[in-house]
Amino acid sequence: MTLILDPDDPAGWREAPSAPSATASSRLTDGLNPEQREAVEYRGQALLIVAGAGSGKTRVLTHRIASLIESREAWPSQILAITFTNKAAAEMRERVEVLLGDSASGMWISTFHSACVRILRREAEAIGLTSTFTIYDSADQRTILKRIIKELDADTLGFTPASAQAKISKLKNELADVESYARNANTSDPQEVMFLEIFRQYTRRLREASALDFDDLIAETVYLFRAFPKVASLYQRRFRHILVDEYQDTNHAQYALIRELTQPVPADRVVEMEQHGVNVAALTDASGGIPGASLTVVGDSDQSIYAFRGADIRNIVEFERDFPGAKVVLLEQNYRSTQNILSAANAVISNNFDRKEKKLWTADGDGDQITGYTGYTAHDEAQFVADEIEVLHRAGVAYRDIAVFYRTNAQTRALEEIFVRSALPYRVVGGTKFYERAEIKDAMAYLIAVANPLDELALRRILNTPKRGIGPATETALASFAEQNALSFRQAMRSADGLGLGPKVTGAITNLATVLDEAAAMLVPSAAGIAAGTNEGASKVSDALVFLLERSGLIDALRNSRDPQDETRAENVEELVAQTRDFDRENPGASLVDFLTQVSLVAAADELDDASGTVSLMTLHTAKGLEYHAVFLTGLEEGLLPHQMSASEPGGPAEERRLFYVGITRARKRLYLSLAMSRAQFGEVAVAMPSRYLQEIPEGLIDWRQSPGMATSRGGTQPRALNARRGYGQGGGGAWGTRDRDLERFSVTKSAAPKAEWANRVTGTVRDNGDLTLAAGDRIRHVDFGEGRVTQVTGEGTKRIAHVAFDTAGQKKLLIKIAPIEKL
DNA sequence: GCTCCGCCTTTATCA
DNA sequence: AAGGCGGAGC
């Protein structure tokens, strides 16, 4: 019998699993190419896997983890794997479990943010937080900064909530805090002095509310480890193998965190730990210390697209210098895309100088040409996308294997309008998220106020929601009462009796305070639960939420409102209740704080549901790490991609190119590139020019259904619109269409004349047929398709769809509510 | 304190 | 185009 250390087992030891058979261990490298195999099998302190797009890095990572566990080099609990999204984490766990045929429980596979929250909740008191601290999102940050800027009159110096937020975020990502910033600040610059004051107040308010923003989650964990080396040692001892995915997108704070976690534990602290009952046997080396954890990072500097949030490409470029003796493995063979798609990607990215040469290749053949299309308007472009999706669908491609990408969330509008009208099942991933709706934030604020009574932001939000007659004057009175008596806002609410306010207002405040207190009492575990450190005896999150919604009057206010939109809002709140029920069911014994944490840390990509039969719409950023049979890259125009804002930033255009590259390499078999000649922006229509990056794709690779040149010559009103120079792209060389040969190039097309039905057919207005009811057998007339007979009606409510056999236009599906039809 | 109206700005990308 | 904000009127 072999005994090995299990850090999660109270006894510290347990029997090792039976020795792996030879077949089992080779199973983990079977079917891998030599480089992948090396990446799985290499053992050493530091390993960098440079993984081109689609080169099978997730496979390599999961096999590497499984191999560490199966060879008994590590227990699951000694592994920390950092992924970019929670969904990627869940997938990775699942795949490791499949490989091991066993549960991988105890393994930490999570995002940077989730891992840090987990550590911080455990150690919160060490750094002066309550363990139920709130996580503030950007909107919360903005609200606070708006108040601060207003109080300080900082807008006169040009500060906006957005600018202050960006600057604070940038500093935190560099691990700067108020003091360190103050030390280097130029005190003769009034603007800098003002910023310092904003930063200071912002920090103070978050502290007082026991709240952290997203950037704090990482930075505070680093501070924790630096200020409390003993705490750090516990995690350094625990995690023996650390693996980081998407390493090219780590920022300095994340890099510092990894550095902290991979530090060795010195011999004297090992002795100390042992005296405190921490089992360190079998972990120490000859010096008596615990060596640093082994580090594996995976990344591709060509896919670095998060410089705006502090990602530092140097982390990956200089990995070999940071970790001397590091092994580097390069994965270039692509298993995802056709050669045509890869050639386009290679051609585009090769325009970024200052990069390590890397060429993706596949053994799977050229595949189809890339399809290009230039619409006259964004709606025209969207119609092309919708029509092509229908063609793909009829050819047997499932909707869920199709994705549409764009640079900015605002671009979804035209796409959605057309998709709704075409009765295409689609889903916007991310975008205006459910949890960002005002009514959901209100309901969540009730939960937050219960979980973290110090959170003044949440309390102020619900103070007069629903309307209780508590206005700004009362709110200010409460706040100053709290300040004068050194009370929290919540305590001040409880003692509102003594404020000399009107009886109605006073009653409203104390009522709210009572409701919150009662909900808090519901959520306290039983004595037995507390003793065991579990949540036993506490009410479920859904029960607490229902209690709060009913007792606060929030749900009634929405239901009884005469504002028609409140009906939808009430439904949304009910949807939230349903979500808490799901949460309770899927996470038995989980607490309210667990729920709030999960909600705070969902990423856009986490919402993706593989089982849904819908087309996915998302930003290029969200698309990272995903792949689809068919990909539509839309809005390929100067000003959008590259985005205007990027022009002023150093390295901006190069990063935008990488974004384009990421988009291209998501496609397996079919890639569509589209743009619009004109696009409505800020309420007016602007002429758009094709993106400079389109030029970088060798011409033979694209089959233009309608090229920019053709669109111009057919468009009529502006025969030389490609020459029209607008504000951006002043840099000459990059601006497109300034030279005749560019025009000519795009005037050449191999396909037949563009389909007339796409052009200008769609306008921005949506009609509404109200409650028009149709049944199979009805005759209708359609503006474009003429007369036809309804064969079937599917769907419900506003999403009812009529299947119509038109006399001349064939079979069509129409959304009854808005289709341009009339019943005959 | 609430509500309505008109003006004004605003838009990148994310955890 | 749409949401946020401030002022006017109740």
Side-chain angles (χ1 to χ4, degrees), chain A residues 82-86 88-89 110-117 135-139 141-143 146 150 155 160-162 165-166 169 172-173 212-219 246 249-251 253-254 304-311 378 405-414 417 429-433 435-436 438 464 466-475 501-502 504-505 508 562-563 597-606 618-624 635 639-649 652 655-656 658-660 662-663 679-685 764-765:
Chain A
I82 302 288
T83 57
F84 216 66
T85 63
N86 298 298
S110 71
T111 63
F112 268 109
H113 291 87
S114 300
C116 287
V117 170
I135 301 164
Y136 280 174
D137 65 16
S138 333
Q141 289 183 310
R142 231 164 253 220
T143 308
K146 200 181 289 174
K150 197 169 177 183
D155 54 335
T160 63
Q165 181 187 26
S169 172
K172 287 185 176 178
N173 287 329
L212 298 176
D213 62 31
F214 284 127
D215 303 314
D216 285 331
L217 296 179
I218 314 290
E246 307 285 6
D249 282 324
T250 51
N251 59 35
Q254 291 166 332
S304 167
I305 54 173
Y306 280 105
F308 74 90
R309 69 175 194 204
F405 302 155
Y406 37 81
R407 178 66 234 268
T408 67
N409 282 307
Q411 289 166 253
T412 55
R413 192 166 303 144
E417 280 174 20
V429 181
T432 313
K433 291 181 210 117
Y435 286 97
E436 282 167 12
N464 197 32
K467 300 265 180 291
R468 302 186 171 88
I470 305 171
T474 311
E475 187 179 326
L501 296 162
K504 210 178 135 217
V505 176
R562 53 193 168 82
D563 181 343
T597 304
Q598 186 184 303
V599 169
S600 299
L601 298 181
V602 286
D606 296 338
M618 68 190 84
T619 66
L620 283 164
H621 284 89
T622 302
K624 189 175 75 160
L640 269 180
L641 192 79
H643 198 275
Q644 277 116 315
M645 299 286 197
S646 72
S648 56
E649 276 162 38
E655 174 145 325
E656 298 284 306
R658 290 194 291 269
L659 205 44
F660 187 41
V662 165
R679 191 170 289 273
Q681 252 183 329
F682 303 118
E684 61 181 25
V685 178
T765 51

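These numbers come from a predicted model, not from an experiment.
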Between [options], spot the one nearest the side chain of [X], thanks.
| X | options | result |
| --- | --- | --- |
| A:His621 | B:dA12, B:dG1, B:dT13 | B:dT13 |
| A:Lys467 | B:dC14, B:dA15, B:dC2 | B:dC2 |
| A:Ala410 | B:dT11, B:dA12, B:dC2 | B:dT11 |
| A:Thr408 | B:dC14, B:dA12, C:dA2 | B:dA12 |
| A:Arg407 | B:dT13, C:dA2, B:dA15 | B:dT13 |
| A:Phe214 | B:dC14, B:dA15, B:dG1 | B:dA15 |
| A:Met645 | B:dC14, B:dG1, B:dA12 | B:dA12 |
| A:Arg413 | B:dC2, C:dA1, B:dC14 | C:dA1 |

Do A:His621 and A:Phe308 have ring centres separated by under 6.0 Å? yes
If the condition is salt bridge (Lys or Arg N to Asp or Glu O under 4.0 Å), which residues does A:Arg679 pass it with, not counting sequence neighbours?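 A:Glu381, A:Glu637.
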Within the stacking criterion (centroid distance below 5.5 Å, interplanar angle below 30°), does A:Phe308 stack on B:dT13? yes
Whether [X] contacts [N] is assessed here as follows: a side-chain N or O lying under 4.0 Å from the phosphate OP1 or OP2. Is that the case?
| X | N | answer |
| --- | --- | --- |
| A:Thr622 | B:dT13 | no |
| A:Asn251 | B:dA15 | no |
| A:Thr619 | B:dA12 | no |

Nearest-angstrom distance, C1' atom, C:dG3 to B:dC14: 22 Å
Whole-angstrom distance between B:dT13 and C:dG4, as gauged at atom P: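 16 Å, rounded to whole Å.
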Mind listing the N/O atom pairs, protein and nucleotides 4-8 of chain C, below 3.5 Å?
residue: C:dC5; atom: OP1; partner: A:Lys146; partner atom: NZ; Å: 2.8

Do A:Gln411 and A:Thr408 meet the criterion of a side-chain donor-acceptor pair at a distance under 3.5 Å? yes
Whichever of A:Phe84 and A:Ala162 has its nearest DNA chain B nucleotide further upstream toward 5': A:Ala162
Could you state the CE-C1' distance from A:Met618 to B:dA12, rounded to the nearest angstrom? 17 Å
